[in-house]
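All values reported here derive from a predicted model rather than from experimental measurement. Counting starts at 1 for both ligands and their atoms, following the listed order. Residue numbers count from 1 along this sequence.
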Amino acid sequence: MSERILLTGGTGFFGRRIAEALRARGHKVVTPGRPDFDMMDSASTLRTLEQVRPETVVHSAAHYGGLGICVAEPIAIFHRNVVMGANLFDAAAKVGVKKILAVGSACAYPGQVAGDMKESDFWSGPLHPSVEAYGFTKKVLEVALRAYNKGQGIIGQMPIVTNLYGEYDVFGEYRSHVAAALIKKFADAVQSGAKEVVCWGTGAPVREFIYSADAAEAVARLLESGYTEPLNVGTGIGTTIKELSEIVARLTHFQGEIVWDTTKPDGVLRKVLDVSKMESVLNWRPPTSLEAGLAKTIKWYLANKAEADARN
Ligand code: GDP
């Protein structure tokens with residue numbers, strides 16, 4: 001059944017993919033943005049919700065980035081994400097929204113989980129210090145979903161999304177996550193003829209990567225599933241940062257040397273989700289392999305380099 005959905009962050013890297021996936025399923029999606037819809041301002045947030053009168057809110061907007069910005073800007077990350085979420089939930093409750101889906105993150109898991117992270121591990125220990133501020137704001141959203149469900153019967157849903165990559169990402173070193181950062185570094189090196197590319201850390205950490213359009217499809221499926229427990233969204237496949245760098249080097253035709261700057265942080269040593277619940281609840285698996293998704297992303301990046309480099 002078609003729903004009237006207000007999507008926050010709907011013009012951003014992930015949000016625009018969520019908008020596409022929801023519209024492809026026949027939903028009416030409104031994607032208000034700044035300056036008219038400023039979620040740091042409670043009055044502006046309420047005004048927009050009153051105008052749109054959505055049945056459902058999908059909250060994808062976040063002040064976020066890779067390990068670099070998480071280490072450099074913990075206050076802005078904490079403050080902006082908590083205030084945006086609080087204002088949005090308050091306004092949604094005031095206008096009688098029936099359902100809220102808040103996009104969660106694998107960063108919200110404890111920093112040390114043995115093996116793949118299961119939904120039951122979510123509250124089992126402290127977060128990794130490198131991403132604590134960002135990760136905890138996603139935990140706050142999970143608690144908010146439960147509170148608004150208990151207090152006002154609003155249905156709450158949370159996909160816990162693993163590391164995303166894809167077209168329209170942020171590629172600059174300061175804010176980028178590793179996949180986009182490496183695509184830019186290797187592409188730049190090929191363009192300038194540089195003999196080496198410097199990557200952060202040891203290359204040993206293991207991450208899981210999901211193509212953004214696949215993760216958006218999972219969000220759309222979750223919304224329609226009626227499932228209300230937090231649900232991991234990923235591929236379940238771990239790749240070391242060293243392996244990732246080698247794939248990106250090959251796909252960009254970089255022939256030089258890869259150097260590891262161990263003065264830069266590794267972050268969490270292993271972050272891979274257990275996706276067995278996702279496969280049964282959504283009856284689906286992400287179709288895009290890491291190689292295929294990276295190839296598409298690199299093609300897009302090279303065709304839109306100036307625009308992509310300017311987004312920081
Ligand atoms: P995380 O998953 O929250 O740790 O965020 P990132 O995607 O930013 O980093 C993942 C891993 O990639 C970490 O171990 C980083 O040290 C490593 N890495 C290697 N080179 C880079 C780089 O140029 N930028 C970023 N952001 N990470 C890098």
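Taking CE of Met84 as the reference point, atom OG1 of Thr45 lies at 10.0 Å (rounded to 0.5 Å). In this structure, the separation between CD on Glu246 and CD1 on Ile241 is 11.5 Å, given to the nearest 0.5 Å.
Look at Val268 and you'll find every heavy atom at least 4.0 Å from all atoms of ligand 1. Under a 4.0 angstrom heavy-atom cut-off, Lys264 registers as lying outside contact with ligand 1. Under a 4.0 angstrom heavy-atom cut-off, Gly68 registers as lying outside contact with ligand 1.
Remark: minimum distance from atom 20 (N) of ligand 1 to any protein heavy atom is reached at Trp200 N, 2.9 Å. The protein heavy atom nearest to atom 23 (O) of ligand 1 is Lys185 NZ, 2.7 Å. Nearest to atom 8 (O) of ligand 1 among the protein's heavy atoms is Leu67 N, 2.8 Å. What sits closest to atom 14 (O) of ligand 1 on the protein, heavy atoms only, is Asp266 O, 2.5 Å. The protein heavy atom nearest to atom 4 (O) of ligand 1 is Arg207 NH2, 2.9 Å.
Below 30°, between 30° and 60°, or above 60°: for Tyr134 and Tyr64 the angle between ring planes is between 30° and 60°, a tilted geometry.
Checked by distance only, ligand 1 and Glu173 stay at 3.5 Å or farther apart across all their nitrogen or oxygen atoms. For Pro205, no nitrogen or oxygen atom sits less than 3.5 Å from a nitrogen or oxygen atom of ligand 1, counting backbone and side chain alike. Annotation: His177 places no N or O atom under 3.5 Å from an N or O atom of ligand 1; distance criterion only. At a 3.5 angstrom cut-off on N or O pairs, Val178 counts as close to ligand 1.
Of all atoms in ligand 1, numbered sequentially from 1 with element shown, those under 4.0 Å from a heavy atom of Pro265 are 15 (C), 16 (O). Atoms of ligand 1 lying under 4.0 Å from at least one heavy atom of Val131, given by number and element, are 3 (O). Under a 4.0 Å criterion applied to the non-hydrogen atoms of Gly66, ligand 1 contributes the atoms 8 (O). The Lys271 neighbourhood of ligand 1 comprises atoms 1 (P), 2 (O), 3 (O), with distances under 4.0 Å to a heavy atom of that residue. Counting atoms of ligand 1 from 1 in the listed order, those under 4.0 Å from a heavy atom of Ala181 are 22 (C), 23 (O), 24 (N).
Counting heavy atoms under 4.0 Å from ligand 1, residue Ser176 touches it through the backbone alone. Proximity of Cys70 to ligand 1, defined as any heavy-atom pair under 4.0 Å, is not found for any part of the residue. Residue Ile241 touches ligand 1 through its side chain alone, judged by heavy-atom distances below 4.0 Å.
Ring centroids of Tyr168 and Phe13 are separated by 6.0 Å or more, keeping the two rings apart.
Side chain of His59 to backbone of Val103: no donor-acceptor contact under 3.5 angstrom is found. No donor-acceptor distance shorter than 3.5 angstrom exists from the side chain of Ser44 to the backbone of Met40, with no hydrogens or angles considered. Checked by atom type and distance alone, the side chain of Glu119 pairs as donor or acceptor with a backbone atom of Asn232 at under 3.5 Å.
Just one residue in the list Val206, Asn163, Ile237 forms a side chain to side chain contact (heavy atoms under 4.5 Å, CB included) with Val272, and that residue is Val206. For the side chain to side chain contact (heavy atoms under 4.5 Å, CB included) test with Lys99, the passing option among Asn149, Leu223, Val58 is Leu223; the others fail.
Both the sub-6.0 Å distance and the 45° axial angle are not jointly satisfied by Lys271 relative to the ring of Tyr109.
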Please report the C-alpha distance between Glu167 and Arg17 in whole Å, then the side-chain angles of each, then the deciding distance to 0.1 Å, and finally whether the salt bridge (Lys or Arg N to Asp or Glu O under 4.0 Å) criterion is met. CA-CA 10 Å; Glu167 297 89 340; Arg17 295 302 209 175; 2.7 Å; yes

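Glu173 and Lys264 are not joined by a salt bridge, as no carboxylate oxygen comes within less than 4.0 angstrom of a charged side-chain nitrogen.
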